[in-house]
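See structure below.
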Amino acid sequence: MPNKHIDIHEFHKVVLIYNRNSGKQIFSSMFARINEVFRLLKLELGTKVVTMLQITRFDELDGTVDHIVDVKADWVIIAGGDGTIRAAIEKIYARGCKPYISVFPAGTVNLVAKELNMNIEPHRWFFRVIKGLVIPVYMGRANGNSFITVASMGFDSLVVDNVNEHTKKILNKLAYVLKGGALIRKEMLLKNWQYEFKIRFDDEEKTYTAASIIVGKSRYYAGRYNLFRGANLSEPVFHIALFEGNTKVQFARYASLIALEAINTDPSITIKQAHKLEITCNEENFPVELDGDSITATPLVIEMDSEPIKFLG
């Protein structure tokens, strides 16, 4: 997966972005970990080279990106979850700035960091990144919105769309479990799942039907499950699972198969690879989840970026 090394000591400006509201940090030592990362970077590269900027909301990224562009940062380190990483990279690259990117896992979900084997212990993380290993990472686009690891539409994206930021911060992953239970009672108490998606791959004529869809760039899904074993962030191809069943029993079976990392054993789950997807839903504006956040909605076109992001990891 890596393709070259770079000497980080040649960098003139390094910016560490820390999202203070990423993950469940009220009862954690995350702030101390980030400060230790900051200290190690300053010792290695110099206090005039390294800057730390803190945010608490995604809309504060605009000012952070202004600074990154103004100082012509060579390297941007993002301490947060997948949503913070996605939003920061999207805004940075939209400004025509293309620094090297690194991630420190500090969020509710850290699939990017897990895929790149980034350690949450500051010293282990630091001694990994100073080697300057460059990893190309291709990003997907869903209606023009970027994502790195996963896009989904169906039951899980409806859950994500119904979890607010305050609940997410306080309860972490438990918020999704509670909201998922509530949605099952609301949507499937006396009826089957009513939403249906139509999918076309790579401009083919054939159309597929599914009750839920997961589009993976990463091997991992929902924080820990190895859903797509052949997926690789450095390869420009999507791995897709189409879940055809629409009953509570089938949904429960799908959840079990995801937990067992065995979705390929169920004939009602279609596994595909593609470079482009076109998706419609029988209900307009059905929410679509990108890297853990509800970002866009159907109808949907998903495509791959032509050029990779340069990660250091």
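Under the side chain to side chain contact (heavy atoms under 4.5 Å, CB included) criterion, V49 pairs with V14, L45, sequence neighbours left out. Taking K131 as the reference, nothing meets the salt bridge (Lys or Arg N to Asp or Glu O under 4.0 Å) condition, with sequence neighbours excluded. Residues that satisfy the ring-ring contact (aromatic ring centres under 6.0 Å, His included) test with F126, not counting sequence neighbours, are absent from this structure. Considering only residues two or more places apart in sequence or on other chains, D70 meets the salt bridge (Lys or Arg N to Asp or Glu O under 4.0 Å) condition with none of them. With sequence neighbours left out, T296 forms a side chain to side chain contact (heavy atoms under 4.5 Å, CB included) with A142, N143, N145, V288, L290, L300. With sequence neighbours excluded, the residues that form a side chain to side chain contact (heavy atoms under 4.5 Å, CB included) with T270 are Y208, L242, E244, K272. Judged as a salt bridge (Lys or Arg N to Asp or Glu O under 4.0 Å), and not counting sequence neighbours, the contacts of R219 are E115. Remark: N117 pairs with R128 by the side chain to side chain contact (heavy atoms under 4.5 Å, CB included) rule, at least two apart or across chains. Considering only residues two or more places apart in sequence or on other chains, F286 meets the ring-ring contact (aromatic ring centres under 6.0 Å, His included) condition with Y195, F197. E278 pairs by the salt bridge (Lys or Arg N to Asp or Glu O under 4.0 Å) definition with R200, not counting sequence neighbours. F104 meets the ring-ring contact (aromatic ring centres under 6.0 Å, His included) test with W125; sequence neighbours excluded.
Follow the hydrophobic side-chain contacts under 4.5 Å out from F127 and you reach V129 in the same cluster. Residues I271 and Y254 share a hydrophobic cluster, clusters being chains of Ile/Leu/Val/Met/Phe/Trp/Tyr side chains in contact below 4.5 Å. Hydrophobic clustering places I120 together with Y18 (ILVMFWY residues linked when any side-chain heavy atoms are closer than 4.5 Å, directly or through intermediates). Note: the hydrophobic cluster containing F38 does not contain L43 (ILVMFWY, side chain heavy atoms under 4.5 Å, direct or indirect links). Hydrophobic clustering, with ILVMFWY side chains joined whenever heavy atoms are under 4.5 angstrom apart, keeps I199 apart from V237.
Y100 pairs with exactly one of I309, D74, V134 by the side-chain contact (heavy atoms from CB on, under 4.5 Å) rule, that one being V134.
Nearest heavy-atom pair across L16 and A79 is CD1-CB, 4.3 Å. Summarising the geometry of T51 relative to H67, their closest heavy-atom pair is CG2-NE2, 4.1 Å, with the distance given to 0.1 Å. Between P122 and L40 the shortest heavy-atom distance is O-CD1, 4.0 Å. Taking both residues in full, the closest heavy atoms of G80 and N110 are given as O-OD1, 3.4 Å, listed atom of the first, atom of the second, then distance. Contact detail for P287 and S157: the closest heavy-atom pair is O-OG, 2.9 Å. Taking every heavy atom of both residues into account, Y93 and K98 meet most closely at CE2-CG, 3.5 Å.
Looking only at side-chain heavy atoms (C-beta outward), I135 and S234 come within less than 4.5 Å of each other. D82 has its side chain out of reach of I148: every pair of non-hydrogen atoms, C-beta onward, lies at least 4.5 Å apart. At least one side-chain heavy atom of I68 sits under 4.5 Å from a side-chain heavy atom of C97. I101 is listed as a side-chain neighbour of P99, based on a closest heavy-atom distance under 4.5 Å. Side-chain contact between L227 and Y220 is absent, with no heavy atoms from C-beta onward closer than 4.5 Å. With contacts defined as side-chain heavy-atom distances shorter than 4.5 Å, the pair F58/D293 qualifies. Residues I34 and Q54 are not in side-chain contact: their nearest non-hydrogen atoms beyond the backbone lie 4.5 Å or more apart. The side-chain heavy atoms of V150 and E289, taken from C-beta on, include a pair separated by under 4.5 Å.
Atom CD1 of residue I8 and atom CH2 of residue W75 lie 4.5 Å apart, to the nearest 0.5 angstrom. The distance from the CZ atom of F147 to the CD1 atom of I302 is 5.0 Å, given to the nearest 0.5 Å. Taken to the nearest 0.5 Å, the CD1 atom of I85 stands 12.5 Å off from the CD1 atom of I77. Atoms OG and CH2, from S212 and W193 in turn, are 5.5 Å apart once rounded to the nearest 0.5 Å. Distance check, rounded to the nearest 0.5 Å: NE2 of H239 to NZ of K217 gives 7.5 Å. To the nearest 0.5 Å, atom CG of residue D62 and atom CZ of residue R95 are 8.5 Å apart.
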### Message
I78 vs V112, test: side chain to side chain contact (heavy atoms under 4.5 Å, CB included). Steps then yes/no.
### Response
CA-CA 11 Å; I78 305 166; V112 177; over 6 Å; no
### Task
Quick one: do I214 and I240 satisfy side chain to side chain contact (heavy atoms under 4.5 Å, CB included)? Show the steps, please.
CA-CA 6 Å; I214 299 175; I240 306 104; over 6 Å; no
### Task
Please step through side chain to side chain contact (heavy atoms under 4.5 Å, CB included) for the pair R20 and F31, ending with a clear verdict.
CA-CA 8 Å; R20 291 290 300 268; F31 185 58; 3.6 Å; yes
### Message
Let's go through Y225 and I263 carefully: what are the C-alpha distance in whole Å and the side-chain angles of both, what is the deciding distance for side chain to side chain contact (heavy atoms under 4.5 Å, CB included) to 0.1 Å, and is it a yes or a no?
### Response
CA-CA 11 Å; Y225 304 114; I263 61 172; over 6 Å; no
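In this structure, a donor-acceptor pair under 3.5 Å is present between the side chains of T56 and E60. Side chains of T149 and D291: a donor-acceptor N/O pair is present below 3.5 angstrom, by distance only.
Between R39 and E36, at least one side-chain N (NZ, or NE/NH1/NH2) sits under 4.0 Å from a carboxylate O, which counts as a salt bridge.
Within 6.0 Å of atom CD in E307, 12 or fewer heavy atoms from other residues, nucleotides or ligands are found, so the atom counts as exposed in its surroundings. Surrounding CD of E121 are more than 12 heavy atoms belonging to other residues, nucleotides or ligands, all under 6.0 Å away.
Within the 3.5 Å criterion, the main-chain N or O of P299 finds no donor-acceptor partner in the side chain of T280. The backbone N or O of H275 sits less than 3.5 Å from a side-chain atom of D202, completing a donor-acceptor pair.
Applying the salt bridge (Lys or Arg N to Asp or Glu O under 4.0 Å) test to every pair with at least one member in residues 133-157, sequence neighbours left out, gives these pairs: E90-R141, R141-D305.
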